[in-house]
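All chains are named by letter (A, B, ...) in the order of the sequence lines, taking the proteins before the strands, and each is independently numbered beginning at 1.
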Amino acid sequence: MTIRGAAYVAGIYEHPRRDIPDRTLFEIHTEVALGALADAGLAMSDVDAVFCDDTAGFGPMSLVEHFGLRPSYFDSTETGGSSYLAHVGHAAAAIAAGKCSVALITLAGKPRTGRHEVSFASGSDAGFESGWGIAGAPHTYALAAQRHMYEFGTTSAQLAEIKVAASIHAQYNPNAYLPYAVTVEDVLNSPLVADPLHRLDCCVVTDGGGALIVVSPEVARSLNRTSAKILGHGEAIKHTNNGGIDLTYTGAVWSGPRAFAEAGVSVADIKYASIYDSFTITVLQTIEDLGFCEKGQGGKFVMDGGLVAPFGKLPFNTDGGGLCNNHPSNRGGITKVIEAVRQMRGEAHPAVQVPNCQISLAHGTGGSLGSKHGSVTLILGQEDA
Amino acid sequence: MLPAPAPVINSTTAEFWKATTEGRFILQRCDACDIVLWFPRRNCPKCWTENVSTFDAQQTGTIYSFTVVRKGTGAFKDAGPFVIAYVELADGPRIMTNIVDCDIDALHIGMPVEMVFHDTGEGSALYRFRPASR
Ligand SMILES: [Zn+2]
């Protein structure tokens, strides 16, 4: 059994704000849930499955209580920013198994104006993979960037091209945190945060949230809204492997083939890709690992507008991505799915809408390239895909 | 000196951290499949036996990757630029650490390094590395 065609993304909502001092975390969850349900043409009372991450309370219980629901299915898979892509895959499997028919996936967070805690190492690695002055994602991602440069000759200017492409797209998004184009020089002249990553190699820090509604084919057919068919899902965790870490690749080398096999498509079929962009290096390694180019050739691939919509080799992150638009709660996964669905519906900004966007990909990387992370790949298609 | 905040110590890691206060860096080896373990565990992560032995590891290695953190936070707030790295130990494992007592502009991947211990004052010492003296 596969999940190909067994479920659809029928509703999406991205919180329009990037600073939300006047709402609680749970109020933001409600706001985005209602937004996505309205987009689908459904009501809260239709929801029979709830998916959330670890920051939403005591597993899924707090949020289910807050929503006032009595779901027949729930899941609080936590793999950082890729959690929500995993939730889509898990919701599709649950729907295929007949456990539920309307799944609600929400994300909310306030790293700008509210409490936010990050703990990369609370397991048996505590004191070994944590400590050392590591105080945020840039430090460990920088280790991956440095090693990639050493092995493959990747340059800071090539990494900067990824920010430039995202910023070209962000110009058309009035809600983007950084809604203007930047140049390679702007990136290289921004302060070094952790060599070789500059400030502009990093994603934005934003309050916000988003929600997705995943439904059965029967529910999708009953709605007036165009849904995106879920064609394939793959997930993987890459970790330090007992002191054997290799910083040159990501878990996408495993999640990607699983998703492509389930979808029955190849990289040549992908018209648009939402690629997790916590940092420029995250994008570079991921496009290599998903097979859009040979390992080590990502630097060349992204040059000359390779990622710029609508006519680059691989149009990516047309909302401006986490690099320029939004990285709510320090987690960019839900916005990756949201923009992919906009592309499938033909509802991206006209300047960056990919023509005939029949099949798209969304990929999440949660945790750290420099120690451990959860990789999740989703492939979405239009109805006839 | 770079701040040396004490790590969290539990029953599995107590022996490891005690050894650091004596200037020793101990590693485990699985008696069954002969692989070196990192970080300290009760069970081999390959065959899951509890039959693992410890040995005094070589205190040398090479830089696998590194980054210069331009401005630290928390205990490292006033440390100035400092280096986080993975060092590949002579005994095999690649371990997260700091490089200290170095010219940060001269660091490079593959550089030979040797271990130093920075006492935390709380029954442990952080294992760090400096460029090898020879
Ligand atoms: Zn063993």
How many angstroms lie between CD in B:E88 and CD1 in A:I245, if you round to the nearest 0.5 Å? 12.0 Å
Rounded to the nearest 0.5 Å, what separation is found between the OG atom of B:S65 and the NE2 atom of A:H148? 11.5 Å
Between B:P81, B:G72, B:P40, the one whose heavy-atom pairs under 4.5 Å with chain A are most numerous: B:P40
Using every non-hydrogen atom in the two residues, find where A:L143 and B:M96 come nearest and quote the distance to one decimal. CD1-SD, 3.7 Å
So for B:P5, is it side chain, backbone, both, or neither that comes closer than 4.5 Å to the heavy atoms of chain A? neither
Heavy-atom side-chain proximity of A:R147 to B:I109 below 4.5 angstrom: yes
Applying salt bridge (charged side-chain N to carboxylate O under 4.0 Å, His left out), can you list everything that pairs with B:E122, at least two apart in sequence or on another chain? none
Scored by heavy-atom pairs under 4.5 Å with chain A, the best of B:V8, B:L2, B:V69 is B:V69
Check whether any side-chain heavy atom of A:T240 lies under 4.5 Å from a side-chain heavy atom of B:W38, and answer yes or no. no
NE2-OH distance between B:H108 and A:Y150, expressed to the nearest 0.5 angstrom: 9.0 Å
If you count heavy-atom pairs under 4.5 Å between each of B:P93, B:P7, B:S124 and chain A, which one has the most? B:P93
Starting at CD1 of B:I63, measure out to CD of A:Q146 and round the result to the nearest 0.5 Å. 9.5 Å
Which one, B:Y64, B:F76, B:F66, leads in non-hydrogen pairs under 4.5 Å with chain A? B:Y64
Working note: B:I84 + A:I134, criterion side-chain contact (heavy atoms from CB on, under 4.5 Å); need CA distance, chi angles, decisive distance, verdict. CA-CA 8 Å; B:I84 296 170; A:I134 299 168; 3.6 Å; yes
In terms of side-chain geometry, is the basic nitrogen of A:D246 or B:R94 positioned less than 4.0 Å from the acidic oxygen of its partner? no
Quick one: sort the A:F128 and B:Y127 rings into parallel, tilted or perpendicular, breaks at 30° and 60°. parallel
Which bit of B:I9 comes within less than 4.5 Å of chain A, counting heavy atoms only: side chain, backbone, both or neither? neither
Quick check on B:I95 against chain A: is it the side chain, the backbone, both or neither that has a heavy atom closer than 4.5 Å? neither
Look at the side chain of B:T67 and the backbone N and O of A:D195, then say whether any donor-acceptor pair between them is shorter than 3.5 Å. yes
Pick from B:W17, B:F16, B:Y86 with the largest number of heavy-atom pairs that fall under 4.5 Å of chain A: B:Y86
Report which part of B:A4 has an atom under 4.5 Å of a heavy atom belonging to chain A: side chain, backbone, both, or neither. neither
Before you tell me yes or no, could you show the steps for B:K46 and A:N242 under side-chain contact (heavy atoms from CB on, under 4.5 Å), namely the whole-Å CA-CA distance, both residues' side-chain angles and the distance that decides it to 0.1 Å? CA-CA 9 Å; B:K46 188 176 173 192; A:N242 187 37; over 6 Å; no
Other residues, nucleotides and ligands only: do more than 12 of their heavy atoms fall within 6.0 Å of NZ on A:K295? yes
Please verify the inter-ring angle class for B:F82 with A:H139; under 30° counts as parallel, over 60° as perpendicular, anything in between as tilted. perpendicular
Does any heavy atom of chain A fall under 4.5 Å from the side chain of B:T13, the backbone, both, or neither of them? side chain
Using non-hydrogen atoms and a 4.5 Å limit, figure out which bit of B:V83 sits close to chain A: side chain, backbone, both or neither. neither
